[in-house]
2 protein chains.
Amino acid sequence: MTGIDEVARAAGVSTATVSRALRGLPNVSSRTRDRVLATAQELGYVASPSAASLASGRTRTIGLLTPWVNRWFFANVIDGAERALRQLGYDALLYTFDLLDGEPRRRVDPSVLHRRVDGIMVVGLPLDDDEVASLAGLGTPLVFVGSGPAGQVTVRLDDDATGRAATEHLIGLGHRVVGHVTGVPDLVSSWSPPVGREQGYRGALADARLEVGDQLVVNGDFDVEGGRASVRELLRRRPDVTAVFASSDEMAMGAILGARDLGLTVPDDLSVIGVDGHDLGELVGLTTIAQDTLQQGMDAATLLMDMVAGGVAPSVLTYPTELLVRGSTAPPGRASEPVT
Amino acid sequence: MTGIDEVARAAGVSTATVSRALRGLPNVSSRTRDRVLATAQELGYVASPSAASLASGRTRTIGLLTPWVNRWFFANVIDGAERALRQLGYDALLYTFDLLDGEPRRRVDPSVLHRRVDGIMVVGLPLDDDEVASLAGLGTPLVFVGSGPAGQVTVRLDDDATGRAATEHLIGLGHRVVGHVTGVPDLVSSWSPPVGREQGYRGALADARLEVGDQLVVNGDFDVEGGRASVRELLRRRPDVTAVFASSDEMAMGAILGARDLGLTVPDDLSVIGVDGHDLGELVGLTTIAQDTLQQGMDAATLLMDMVAGGVAPSVLTYPTELLVRGSTAPPGRASEPVT
DNA sequence: CTGTTAGCGCCTTCAT
DNA sequence: ATGAAGGCGCTAACAG
């Protein structure tokens with residue numbers, strides 16, 4: 001393999017000059033630079049990343065920590081992030097931490113990131129205080145997407161407002177008994193999106209002087225099957241529920257399937273609203289609170305690279321959402337008509 | 001930062017021994033190993049990946065090349081791959097190559113992988129011969145998922161059989177004019193999955209002595225919107241089409257949306273079948289040819305790591321598929337009844 | 001603007 | 001089973 005010294009010899013300069021020329025640093029005459037670039041090209045020289053990292057202490061790599069890549073929100077944020085990173089020549093290292101209901105997930109071990117990345121992006125992964133502290137202790141710039149602990153740079157929605165908006169939409173339609181399908185109940189972290197959305201849900205109900213209770217809240221594991229099962233459970237507990245607010249579109253679509261399983265019609269028998277703006281939501285006319293996940297990924301990555309370069313990032317970047325009314329929500333129908 | 005020499009000093013051994021002990025190599029007495037492990041732990045020592053890579057020439061990192069991470073097939077394969085990799089302590093570096101209709105995609109530049117990864121996994125990315133050659137020229141083990149060029153290790157479906165099965169299902173139901181929604185038309189590569197599936201489609205039609213023609217084939221860009229638009233185009237060209245085979249479930253679901261846009265009912269006016277087994281297919285009762293993408297990702301990663309370790313991989317691993325009949329396909333209905 | 005010279009932190013022969 | 005020592009290939013001061 002051609003090394004920097006061969007290029008140096010061929011171009012008749014020192015390795016230092018080759019290094020400078022190739023990285024576009026100043027203090028190289030343009031004639032020299034051109035010659036170096038040409039010979040490097042000719043020899044097919046490509047610098048060894050390990051050697052460069054070892055010598056410089058920088059890796060031009062960002063660590064992406066996320067529970068899953070095959071869920072809509074996560075896949076889109078990661079896609080956006082990867083694009084922004086690529087644009088500035090950064091690589092993305094992927095680390096998933098399967099979040100399963102019941103058993104505790106694999107904990108984040110900061111040592112694997114140690115000296116391996118210049119920055120860390122945590123996407124939708126609720127971490128406990130120790131994990132956050134250990135990541136922060138790495139001394140590496142850190143950005144959270146989806147939600148993050150207080151004091152950390154975070155790109156997110158206003159989850160409380162999102163939960164409120166969704167719930168108020170249902171209340172406005174006339175619903176009085178509104179159920180909620182939340183995401184994975186994370187016992188260690190108090191700042192995951194579903195937590196904020198549930199707060200908003202409860203707040204909206206309380207403001208409207210409607211019933212709020214644990215009985216009306218079920219876990220949907222943040223996926224389709226979970227949402228499906230949750231509606232069954234919800235209606236078992238409370239057959240008088242006429243509307244459901246799900247914390248993600250995937251769960252909302254699952255809820256629609258679950259309603260169908262029970263022979264219920266959406267929205268006549270049950271209104272369903274989700275959060276995300278999933279591409280397939282229109283398939284079932286899903287009413288939702290839409291967000292721009294791709295943009296969040298790109299912005300978070302850009303922020304992170306700024307921080308790596310020594311910039312100071314705003315601590316919280318809150319994204320707008322938009323209520324997208326389609327056909328899955330409507331005023332309570334015949335099924336809930338008071339028996340006269 | 002603690003280096004290997006500090007651990008060596010603290011444990012009273014040489015750095016060579018520390019290195020051996022920490023990596024579980026033989027020729028270290030268990031007493032010494034324990035002591036080294038303990039002191040390393042105590043000092044919070046973690047080896048520098050760049051230094052290790054530079055010295056050893058191995059990175060314990062795999063490059064994942066894919067067009068997108070936010071499409072069902074790709075996200076699932078990547079999720080599976082990442083799990084398998086992590087299990088053996090490998091990291092996954094993500095590289096996306098946005099495949100857009102019309103403009104040529106960014107070409108794969110092997111130099112960015114140079115000395116950066118121990119293995120390369122190409123997921124659903126059709127490459128031209130030069131790209132394949134340059135990747136292979138890296139001397140790094142290479143695995144293709146979804147489809148790959150002849151002579152390369154590939155994990156895939158039998159696309160021809162898949163296209164055939166889907167088309168025969170429609171023919172068996174009595175359809176005589178069957179349209180096809182294919183994926184991105186890649187002009188440079190002859191071996192992408194949609195190509196094989198289209199062949200199977202044409203073969204099945206030919207065998208049944210039914211019309212086969214370019215007029216019946218439209219491109220759906222492999223996404224929901226593309227599928228949606230394609231059905232409009234297809235029916236504009238041929239209003240007598242009664243069934244559509246789409247090369248992916250996302251396009252098939254788009255096709256269902258497109259049919260609805262035109263006021264058509266599925267399956268009464270138009271039967272639709274896809275390929276994948278998408279989680280949300282049930283939402284619209286999508287009939288499909290299902291495949292296990294997660295497993296393909298895991299197996300491909302495992303294969304690749306075997307190859308990195310010097311093993312020899314079987315050249316093609318063909319996965320089974322399963323016809324999943326739901327409600328989106330049915331015998332041709334009233335709309336196509338011959339006018340009497 | 002360019003060259004010299006130390007490292008960066010670990011792995012890996014080769015001895016012992 | 002362990003140690004000594006020479007790289008791995010590049011970057012970054014420091015001179016000049």
Sequence neighbours left out, what passes side-chain contact (heavy atoms from CB on, under 4.5 Å) with [X]? Give chain and number order.
X	answer
A:Ser29	A:Arg31, A:Thr32
B:Ala300	B:Met121, B:Val143, B:Val145, B:Val155
B:Ser134	B:Pro110

Rounded to the nearest angstrom, tell me the gap between atom [atom1] in [X] and atom [atom2] in [N].
X	N	atom1	atom2	value
B:Arg60	C:dC10	CZ	P	17 Å
B:Leu54	D:dC8	CG	C1'	4 Å
B:Asp5	C:dG9	CG	C1'	8 Å
A:Ile4	C:dA6	CD1	C1'	15 Å
B:Arg9	D:dT2	CZ	P	19 Å

Please enumerate all residues that pass salt bridge (charged side-chain N to carboxylate O under 4.0 Å, His left out) together with [X], with sequence neighbours excluded.
X	value
A:Arg83	A:Asp79, B:Asp98
B:Arg35	none
A:Asp118	none
B:Arg33	none

Testing C:dT12, D:dG9, D:dC10 for proximity to the side chain of B:Ser56, the answer is C:dT12
Testing C:dT12, D:dG9, D:dT11 for proximity to the side chain of B:Arg58, the answer is C:dT12
Is A:Asp91 paired with B:Arg116 through a side-chain N to carboxylate O contact shorter than 4.0 Å?
yes
Within residues 22-45 of chain A, those residues having any heavy atom closer than 4.0 Å to DNA chain D are A:Arg23, A:Tyr45
Please enumerate all protein N or O atoms sitting under 3.5 Å from an N or O of nucleotides 3-6 of chain D, with distances to 0.1 Å.
unit_1 : atom_1 : unit_2  : atom_2 : d
D:dG3  : OP2    : B:Ser14 : N      : 2.7
D:dG3  : OP2    : B:Ser14 : OG     : 3.2
D:dG3  : OP2    : B:Thr17 : OG1    : 3.0
D:dG3  : N7     : B:Arg20 : NH2    : 3.0
D:dG3  : O6     : B:Arg20 : NH1    : 3.3

